[in-house]
Amino acid sequence: MSDRFTKGMARNIYYGGSVFFFLLFVGLTVDTVTAIPERENRDQLTESVANGKAIWENNNCVGCHSLLGEGAYFAPELGNVFPRRGMGNEEIFKAYFTSWMNAMPTNVPGRRQMPQFHLTEEELENLADFLIWTSRIDTNDWPPNIEG
Ligand code: HEC
């Protein structure tokens, strides 16, 4: 074995390393792309969930709230509001959600306020379905804190 580090050895490390990490990158990309549809429960994507997402976006809820960590940090995380307030029961959650949305703003002095959005019953139902669906995405238990 040569005790000199030759140009040839350096080149082999360069090409070998590039090929190795390129293949690793391709492999992990394929793994992510195949894993995501299962994690998202796409078979449960109803029309109501899709409408709820549109209402969520049109009213800029994410301007104050975060959803699975993404968004603003003025108001609580809502990716886990279904287990937090509905305890896994859709009826309990929908009752809570509707009365919450209709009670805004609370006007409690010193408490951060959420606006009144004047949404219809159907729109609230859609939004609730969207939040329920979101909470069922397999996120490796993110967020770690149920209080968001
Ligand atoms: C201007 C900022 C703002 C916007 C925009 C906003 N919220 Fe909020 N939201 C808040 C604040 C602040 C709180 C917490 C209020 C409190 O605890 O008294 C809150 C709380 C909530 C809660 C209760 C969370 C819990 O843990 O009980 C829900 C549900 C909610 N918002 C849904 C929505 C939805 C849906 C939208 C969009 C249609 C929205 N919010 C838009 C500020 C906002």
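For the numbers below, each heavy atom of this structure counts, side chains included, while hydrogens, waters and symmetry mates do not. All ligand and atom numbering here is 1-based and tracks the order in the structure.
At a heavy-atom distance under 4.0 Å, atoms from both the backbone and the side chain of Met114 approach ligand 1. Counting heavy atoms closer than 4.0 Å to ligand 1, residue Leu78 contributes side-chain atoms (C-beta onward) but none from N, CA, C or O. Looking at Arg84 against ligand 1, only its side chain comes within 4.0 Å, counting heavy atoms.
Judged by the 6.0 Å and 45° rule, Arg112 forms a cation-pi pair with Phe74.
Taking only non-hydrogen atoms, the option from Ala72, Cys61, Ala128 nearest to atom 37 (C) of ligand 1 is Cys61. In the candidate list Met104, Glu123, His65, His65 is nearest to atom 31 (N) of ligand 1, counting heavy atoms. Within the set Trp56, Tyr96, Trp100, the minimum heavy-atom distance to atom 27 (O) of ligand 1 is found for Tyr96.
Taking OG of Ser135 as the start and CZ of Phe93 as the end, the distance is 8.0 Å to the nearest 0.5 Å. Taken from CD1 in Ile137 to CD in Gln44, the straight-line distance is 10.5 Å, to the nearest 0.5 Å. To the nearest 0.5 Å, atoms CD (Gln113) and CZ (Arg111) are separated by 8.5 Å.
Protein heavy atom closest to atom 17 (O) of ligand 1, with residue, atom name and distance, is Arg111 NH2, 2.7 Å. Given atom 13 (C) of ligand 1, the protein heavy atom at minimum distance is Pro76 CD, 3.8 Å. Looking only at protein heavy atoms, the nearest one to atom 5 (C) of ligand 1 is Cys64 SG, 3.5 Å.
Ser48 and Asn126 share a side-chain donor-acceptor pair at under 3.5 Å.
Here Arg136 pairs with Glu90 in a salt bridge; the nearest charged N to carboxylate O distance falls below 4.0 Å.
Put simply, the side chain of Arg39 reaches to within 4.5 Å of the side chain of Asn140, judged on heavy atoms.
The closest approach between any non-hydrogen atom of Gly63 and ligand 1 is not below 4.0 Å. Not close to ligand 1: Glu147, with no non-hydrogen atom less than 4.0 angstrom away.
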* Does the salt bridge (charged side-chain N to carboxylate O under 4.0 Å, His left out) test come out yes or no for Glu147 and Arg85, once each step is laid out? -> CA-CA 10 Å; Glu147 279 307 322; Arg85 302 297 179 213; 3.7 Å; yes
